[in-house]
Amino acid sequence: MNNDKLLVLDNVTKVFTKGQGFVKSKIEAVSRVSFELELQPPEIFTLAGESGSGKSTVAKLILGFEAPTSGSIYYKGQPLEHLKGKREFIRDVQPIFQNPFETFNPLKKVQNYFHDTERSFGSPPRGQYPLTERSLELVGLTAAEIKDKYPSEMSGGQLQRASIARALITNPSLLIADEPVSMIDASLRMSVVNLFKRLKEEQGVSIIYITHDLATAYYISDRIAIMLRGQFVEIGSVKKVLDNPLHPYSQLLQSSVPAPDPRDRWTEDIALSDLEAREYTRQGCKFAGRCPRVMEICQRQEPEHYRVDDRLVKCHLYR
Ligand code: SF4
């Protein structure tokens, strides 16, 4: 089943319970999300949305850090629950975190991460690390540039490239990159973004790119899913969705082009603001409280996904 797919998410929902004792509430952080990545050709698929939209929770579900409450995830045709924690899966699906200074222990030399990873996934000849050298070369670094360096002795851009290189040692098929450029100086951002593009084109690596930054998403992605309160509200080719967004929330997001928010982290999803909590628990369309085109039906009935111009749009305007 699904043998021609790299990744399949089928109606995936993740519910978190907040609060204690009698005062508990449930939040659907991810709500019936479905999408597929083909095995070939490789693809850069972006998840975009505001802080608290659930995009980092989707990443954690794919990495097996969280289990879905319902729905199924398949990787290369196999159910994810059969693969979690297995060597082949860990090799094949690598995360790239937002803050490279948190990825590396400040007291450990950067080169040791590479050597440890290489040793745990192969048996390099004594004193030689060919996979380390190859992966550093792929990101435009050399062994000399990391030799004997602690993380604080490297720039944010260099260190993020080093963290991508470390992920590449295992020759992965899929990278899950959560806000990978938001902590990096604007001047260095494009070098990392271009690197993702090259990895897809030259190494055949697929990438799930999670971001607030629609400019870089437009530049590197093939497809984009716009997320609002755990739901995909518009999904399609990045050119169509960002050149001519159809969902009123995509239109708002595209016109405001929010800057990357360093507070939006892997661990942050269920610390909700009042607005977020209200929208998560709202009946009907989650965007009805802010939508300039709201109709009476939007308050009481959740819209389905409608196919319009080769994309899916979750909005009653397109019934
Ligand atoms: Fe706006 Fe209604 Fe569409 Fe929701 S369903 S985005 S409230 S028009």
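Please read all numbers here as calculations on a predicted model, not as lab measurements. Both counts, for ligands and for their atoms, begin at 1 and track the order of listing.
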Student: Testing Lys286, Lys314, Arg282 for salt bridge (Lys or Arg N to Asp or Glu O under 4.0 Å) with Glu302, which one passes?
Tutor: Lys314
Student: Would you say the side-chain atoms of Asp92 and Ser173 include a donor-acceptor pair closer than 3.5 Å?
Tutor: yes
Student: Quick one: are the ring centres of Tyr75 and Phe89 less than 6.0 Å apart?
Tutor: yes
Student: Starting from atom 3 (Fe) of ligand 1, count all protein N, O or S atoms within a radius below 2.8 Å.
Tutor: 1
Student: Linking I/L/V/M/F/W/Y whenever any side-chain heavy atoms sit under 4.5 Å apart, do Val233 and Phe287 land together?
Tutor: yes
Student: Can you establish whether the number of heavy atoms outside Glu153 located under 6.0 Å from its atom CD is more than 12?
Tutor: yes
Student: Apply side chain to side chain contact (heavy atoms under 4.5 Å, CB included) to Tyr113 and Thr103, showing your working.
Tutor: CA-CA 10 Å; Tyr113 282 91; Thr103 305; over 6 Å; no
